[in-house]
Each structure stands twice: as structure tokens, then as C-alpha cells.
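Report on the following structure.
Note on naming: letters A, B, ... go to the chains in the order of the sequence lines (proteins, then strands), and numbering restarts at 1 for each one.
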2 protein chains.
Amino acid sequence: MSSCETCVVRNRAICAGLDNQEIAALNTMGRRRSVGAGEPLIWEDDDSLLVANVIEGVLKLTTSTEDGREQIVGVAYPSDFIGRPFGQTSRASVVALTDARVCVFARNDFDRFAREHPELEHKLLERTLAELDRTRSWMMLLGRKTAPEKIATFLLEMSDRLDDTGCAVKLGPARRFSLPFSRQQVADVLGLTIETVSRQFTKLKNDGVIELPSRREVEILDRPALVALAG
Amino acid sequence: MSSCETCVVRNRAICAGLDNQEIAALNTMGRRRSVGAGEPLIWEDDDSLLVANVIEGVLKLTTSTEDGREQIVGVAYPSDFIGRPFGQTSRASVVALTDARVCVFARNDFDRFAREHPELEHKLLERTLAELDRTRSWMMLLGRKTAPEKIATFLLEMSDRLDDTGCAVKLGPARRFSLPFSRQQVADVLGLTIETVSRQFTKLKNDGVIELPSRREVEILDRPALVALAG
DNA sequence: GACTCGCCTTGACCGATATCAAATCGGTGA
DNA sequence: TCACCGATTTGATATCGGTCAAGGCGAGTC
């Protein structure tokens, strides 16, 4: 499933440009760690001691207000990086949505290594720029889209990111897939309430746009209709 | 006002770590350009030919839907970078909010230079990570905050970013400042309508929290109240 | 099978914010 | 000074999505 069996070694996206000796060094630094579904990885307002590379599973990045409102500000799939290298602390907490395996680095070690290996920093920069773009288009969704548009956009994004096993393998958009999110978590991604999410799902089902074989599974029956709804 | 009179040379935040020869090389590549208030710099869906460094002024990054809804997804102040190095095209358009001066690089030149100068890439990575953090906390605002909370958060952010001349010099939060945004643009930042923005401003004024000496000027009378409202 | 516990769906209602419309303000040029 | 025009404010009303409150369904467990 994962492209990275020995932590970082096989992760082509990250390691391209690193020579064998460098990969070996990274490998020594990193430690594998399993995180059960629902378990946290880095606490909000923590000192952000960790940088991690996702090997398998899906994790959420969230921020919340004092009174308990939560917003999911990012989702990490296999090969994504988590954490905040270089000094500043990140304000987001990380919680596994599915059972996950990650490759964890002490931030200081990682920082030092990265600074000595420009190719790695370049990869990180490219990824961070891509993530920023994704995040910005999500701002459009949060600020300006209606509930039906949000749901349609979300389903299309999921179908692009997931295959029918729930993993982030890309073979073109999946027709049927298994959501790593509960209804509440979908609501937290889209800035909606659980009831609104539920009603919109039901409406799409009644309109013949999707099928819901089980609570976590979605099958897209009419992709063009979804695209039109997404706006 | 600007910390950068000869384009990049004096911009300490970017140039730290570069030697004089490197700075000279960057300087040769960059060309200064003036952008009038309301003028665009890079069009949406363009090939994103430019990378630029803001010298003076404020610019907005926006995405919009086909039917004309607009969301401001970022704001660039002096010393900020604009554009999307390394291949991918950016989906955001850039428009000056005030008269602005920027230092423009052809993207290909910039990419090549950056790849040959790891220190510059490192700075870019740090900035991009910081911008990603800011963007993520803005997602919280868009998805989960109420209109009064949005307005209060916005005013506090402005007071941190601006001094009373409208420039991005930091001497602690400003008590009084001049907004680079019209009411419509404030609405586009916060995911609200112009009417809601106006009503909330009026309410804060009536409650004695702020004063509005003119359409573009704001004076904060009761900062603790604003902080409390921001949530 | 039936009990239980979470999660999800559904329904009734409400309220915050959008929408539509009109009045007012402030700056600009004659 | 006055007329004009766009920006802003204010008012009246509509609506989407939130809130509150029941049910229902499915997966374990006994």
C-alpha cells in the first residue's frame, strides 16, 4: 500500500535527489510509529517536537476555539509531511482518522539534516507550496460556497484522493470509495453542522447522484452532476 | 518606508545568508515595477510567469467562482513574496489594493537562481511555512466564526500588520490605522457580504469599541473588548 | 433474538446573515 | 456652491443553515 516500507527510503517523492548515503542517514534518524484511529500525534500548542512523514493511513490537522468549535485545516495522506520544521510552533493538532503508520523525526535532528541537504529542502518547499495552493482553494470553499457546493466539492476531492480501499493511491478518480471521515468530521472540514451534511448526502442520494452502500462508503453515480453542483 | 530600496539588496529577511556576489546577481535579474491601486499583477489561470517581491504597498490574492463570487485568499505586504516558483501554476490572481512597487523576476530565472542558492530556498521555505500557518488559522475563521468574531479578528490583525500610514512596519499593534480595503474587500476577506460588514462596523462604533474617523480609517478605543469578541 | 451504545437521519423551528431596495454620505468636477 | 456618482449605510424581508429534539439503524454483546 505504502510507497515507503523502510520509512523514508522508498518514498521516491521525497528522496529523489538524495544519494544512498543521505537516505541511510535519514533512515537512521527516523523512527516508525503506529497511531491508532482517533489517537493524537502532536498536541495543539505543544512545542511541536515532531516532524513526521505519513507512511500509511490518513490524519487530520485541526484548530479549535476555546468553546469547542473545530475546523479541520488539513488532511495528511501517505507521503505527506506533518509538523513544522524550523523553530516556530505549529498551532494545529494532529489526530489519526484511520490506523496510521508514520515515520517520526525529532525536529532538531530533522532541521539540521534538511539544512545540510538542499535537495530535501527543495522537495519540502515544493510540497509546502502545493499545500498552500490547496489550502487557499479550500478558503474559497469555506468563505463563499453553499452547503450543496461544499458537499459536491468534497466528494469530488475524496474521489480524487482515495481509491476503494481508503488509501491514497492514484489511478484516476475513484467511482466508489470509503470515507476516512465520520459525518462530524466531514462537517468539520466543510464548516457545516453534522445535520446539514447528513441532509445534503441524503438529498444527493435521492436525486440519484450518489449511492451510499454504508455509512462510510460512497459511490458516485453521476459525476457530471457532481461537477456541476461543485460550481 | 520600505526596507528594500534597491529591489532585493536591502531586504534583510530574504537576503540573510546570501553573499554580496549573490545579492548582485539577484539584483540584476529583478526588475522594478509599479502597480496602481486596482491594477492586476498576475491573472488568474495565467501561466504564472512571474515571481515578485513586494517593496511597497499592499496586494490581494483572490480566487473567484464563475458566477463572480470572490474570496481573498491572501494579502501581500512589503517583503512578502508573490507567485508560484517551480513549475505549477497558481490559481490565484493578484491585484494591488494600494499603489504598489514590486520587484519582478521571470519565473524561470528565479527558479534557476533559487536552486543554485540553498540559503534563498531555505528562506523561501520558512516564509511559505509561515504563510501556510496564517492561512490555516484563517480557515478556522472562515469555517467556524460568526460575523462579529470575524470582524473583531480582522481589525486586530490589521492593527498588528499596519501602522497609521498604511504600511507594514511593526512597532507593536497600531491604535489607529488606515485600511487598505474597501468594505467590499473586507467582505471578500471574511466571507461575508458588504452589508453585514457595514452593520458590524456600525455596531462596534455604537458600542464604543472603535471609532471610524473616515471610511477607510479605524481607531481602536477598547482593544480588550475586541480581543474578547474575536474569540 | 434482543439489548445497548454510538452514530446517523429526520423533523420542526429559529436566527444569523444574505438579499433586495432605498436613503445618505463624501468626494469630484462644472 | 451644486450636481453627480460611486461607496456606504440603513431598512425590510427572505432564506439557508443552525439548533433542539426525536427516532432509527447497525455493530457488538449477552
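- In this structure, the side chain of B:Asp80 engages the main chain of B:Tyr77 through a donor-acceptor pair within 3.5 Å.
- Contacts of A:Ser214 with the nucleic acid, taken as non-hydrogen atoms under 4.0 Å apart, are absent.
- In this view, A:Arg216 satisfies the salt bridge (Lys or Arg N to Asp or Glu O under 4.0 Å) rule with no residue, not counting sequence neighbours.
- Listed by chain and residue number, B:Phe154 satisfy the ring-ring contact (aromatic ring centres under 6.0 Å, His included) test with B:Phe181 (two or more places apart in sequence, or in another chain).
- Extent of DNA chain D lying under 4.0 Å from chain A heavy atoms, first and last nucleotide in 5' to 3' order, is D:dG17 to D:dC25.
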What protein N or O atoms touch nucleotides 18-20 of chain C N or O atoms at under 3.5 angstrom, if any, and at what distances?
unit_1 : atom_1 : unit_2   : atom_2 : d
C:dA18 : OP2    : B:Thr193 : N      : 3.4
C:dA18 : OP2    : B:Thr193 : OG1    : 3.0
C:dA18 : OP2    : B:Thr196 : OG1    : 2.4
C:dT19 : O4     : B:Arg199 : NH2    : 2.9
C:dC20 : N4     : B:Glu195 : OE2    : 3.0

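- As judged by a 4.0 angstrom heavy-atom cut-off over every strand, A:Thr202 is placed among residues touching the sugar-phosphate backbone only.
- C:dT17 atom P lies 14 Å from atom NZ of B:Lys145, rounded to whole Å.
- For the residue pair A:Ser159 and A:Phe177, the shortest heavy atom distance occurs at CB-CE2, 3.5 Å.
- Closest non-hydrogen pair, A:Met139 versus B:Val73, comes out as SD-O, 3.6 Å.
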Side chain to side chain contact (heavy atoms under 4.5 Å, CB included) between A:Met140 and A:Arg136, intermediate numbers included
CA-CA 7 Å; A:Met140 169 81 228; A:Arg136 282 176 169 162; over 6 Å; no
Please table the atom pairs, donor to acceptor, closer than 3.5 Å between any side-chain atom in residues 190-198 of chain B and protein atoms at least two apart or in another chain.
unit_1   : atom_1 : unit_2   : atom_2 : d
B:Thr193 : OG1    : B:Thr196 : N      : 3.4
B:Thr193 : OG1    : B:Thr196 : OG1    : 3.1

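- Each of B:Leu229, B:Val186, B:Leu204 was checked for a side chain to side chain contact (heavy atoms under 4.5 Å, CB included) with B:Leu155, and the lone residue meeting it is B:Leu204.
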Close N or O pairs between protein and nucleotides 4-7 of chain C (under 3.5 Å):
unit_1 : atom_1 : unit_2   : atom_2 : d
C:dC7  : O2     : A:Arg215 : NH2    : 3.1

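- Using modelled atom types, one finds no donor on one side chain facing an acceptor on the other under 3.5 Å when comparing A:Thr128 with A:Glu131.
- Below 30°, between 30° and 60°, or above 60°: for B:Phe110 and B:Phe81 the angle between ring planes is between 30° and 60°, a tilted geometry.
- Rounded to whole Å, the distance from CG on B:Leu212 to P on C:dG26 is 12 Å.
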